[in-house]
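Notes follow once the structure below has been shown.
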Amino acid sequence: MKHSGNTILITGGGSGIGQALAQRWHDAGNHVIVTGRRRQALDAAIAGRERMSAYVLDVTTASEVEAFARQVVAEHPQLNVLVNNAGVYSAEKIVTRRDLAQAEQMIETNILGPIRMTNALIDHLAAQADAAIVNVSSGLAFVPYPAAPTYSATKAAIHSYTAAIRPLHAGKVEVIEIVPPQVQTELTPGQSNDPNSMPLDAFADEVMALLHAPDTPAEVCVERVRYFREAEAKGQFDEALRMLAQYS
Ligand SMILES: NC(=O)c1ccc[n+]([C@@H]2O[C@H](COP(=O)([O-])OP(=O)(O)OC[C@H]3O[C@@H](n4cnc5c(N)ncnc54)[C@H](OP(=O)(O)O)[C@@H]3O)[C@@H](O)[C@H]2O)c1
């Protein structure tokens, strides 16, 4: 992925990982467009920064995604990078019957969102030089968390989708996956102060260093997520799953 001179659209860019990456990309000399549902968070993310723009967009509404894609391409014809970062997390107790509203919201946001955004922008991206799609998965894509089965499944799905489309776009659109470990954001209430989560700045700095290496890796894995990413290959999957089950 090109270091600077991109026009980058990042969903969920008003907070957490999205905001931290958006601001680092902007600092590196890129035009960055952030989207999300909360106007106030978006405005705070771009405050005082020229060459940053913000649009309210709910990725769970198919018609909104289509209309937004037409608008953003018209207003930013140089757009060449899509970052599918928006996501939601809900813990679940699935051993008894329950309301599925939160599970459905995770599937709509974490899987259908990126699929819809990619579909709406792929023709435009494929026509740009140095185009890239960056999808944000999770270490839980590789070892599922029994306390969050639907969330883990959405992240395994986005990993699979990302790997599947990579060869199809080879030579035209670079397809990159960012695999975060547990990071200090408000993905769950209070997590931004959790000492067991990776500090957000350290995570974002490590991601940027990997992204801007001479050859951007197809999967951007910070050191802290390698145990989960490599668990199956190293024969440690059952051990890792048992460890996560203790916290469920
Ligand atoms: N933090 C972690 O431990 C961790 C670990 C692994 C993976 N991840 C992934 O990293 C990504 C970013 O999460 P985060 O940790 O930075 O948490 P976060 O601060 O809560 O960020 C999530 C972002 O997604 C946006 N969003 C949620 N639903 C949306 C929707 N329907 N339409 C548009 N935007 C929506 C939110 O903005 P609005 O509320 O304004 O819409 C928010 O800015 C997610 O995909 C998450 O699954 C995080």
Side-chain angles (χ1 to χ4, degrees), residues 9-24 32-46 54-65 68-69 72 82-91 101-102 104-117 120 134-145 147-148 150-159 161-162 177-204 206-207 219-222 224-225 227-229 244 247:
L9 163 62
I10 177 160
T11 66
S15 65
I17 290 170
Q19 179 182 340
L21 295 180
Q23 293 182 340
R24 279 162 178 75
V32 183
I33 302 158
V34 291
T35 68
R37 294 166 301 178
R38 291 166 297 152
R39 165 57 67 187
Q40 224 180 343
L42 297 170
D43 287 345
I46 69 167
Y55 293 81
V56 171
L57 170 67
D58 185 336
V59 296
T60 64
T61 310
S63 57
E64 222 180 281
V65 168
F68 166 75
V72 79
L82 166 65
V83 185
N84 287 305
N85 163 76
V88 285
Y89 173 100
S90 298
Q102 287 182 324
E104 288 167 6
Q105 193 200 3
M106 286 188 278
I107 292 166
E108 287 263 348
T109 311
N110 301 359
I111 308 179
L112 274 176
I115 291 173
R116 285 176 175 144
M117 290 295 297
V134 182
N135 289 336
V136 177
S137 67
S138 167
L140 301 180
F142 301 95
V143 182
Y145 187 22
T150 306
Y151 178 81
S152 303
T154 65
K155 293 300 180 178
I158 201 63
H159 163 68
Y161 192 80
T162 307
E177 178 178 352
I178 297 177
V179 187
Q182 198 171 312
V183 177
Q184 287 177 343
T185 70
E186 283 300 303
L187 185 66
T188 63
Q191 189 177 321
S192 56
N193 294 313
D194 172 12
N196 294 318
S197 298
M198 184 171 184
L200 178 58
D201 282 339
F203 170 73
E206 201 174 331
V207 166
E219 284 181 19
V220 173
C221 294
V222 299
R224 204 149 159 166
V225 85
Y227 173 71
F228 288 113
R229 176 62 187 96
L244 287 177
Y247 299 101

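Numbers for residues simply follow the sequence, beginning at 1. First listed ligand is number 1; within each ligand, the first listed atom is number 1.
- Note: Phe142 and Phe228 fail the aromatic proximity criterion, with ring centroids not under 6.0 Å apart.
- Here Tyr145 and Tyr151 keep their ring centres 6.0 angstrom or further from each other.
- Side-chain atoms of Ser192 and Glu186 form a donor-acceptor pair, as typed in the model, at a separation below 3.5 Å.
- For ligand 1, the 4.0 Å heavy-atom shell contains residues Gly12, Ser15, Gly16, Ile17, Gly36, Arg37, Arg38, Leu57, Asp58, Val59, Thr60, Asn85, Ala86, Gly87, Val88, Thr109, Val136, Ser137, Ser138, Tyr151, Lys155, Pro180, Pro181, Gln182, Val183, Thr185, Glu186, Leu187, Gln191.
- Qualifying side-chain contact (heavy atoms from CB on, under 4.5 Å) partners for Ala69, counting only residues two or more places apart in sequence or in other chains: Ala120, Leu121.
- If you check the side chains of Glu177 and Thr162, you find no donor sitting under 3.5 Å from an acceptor.
- Asn193 and Gln184 are not linked by any side-chain donor-acceptor pair at a separation below 3.5 angstrom, with hydrogens and angles left out of the test.
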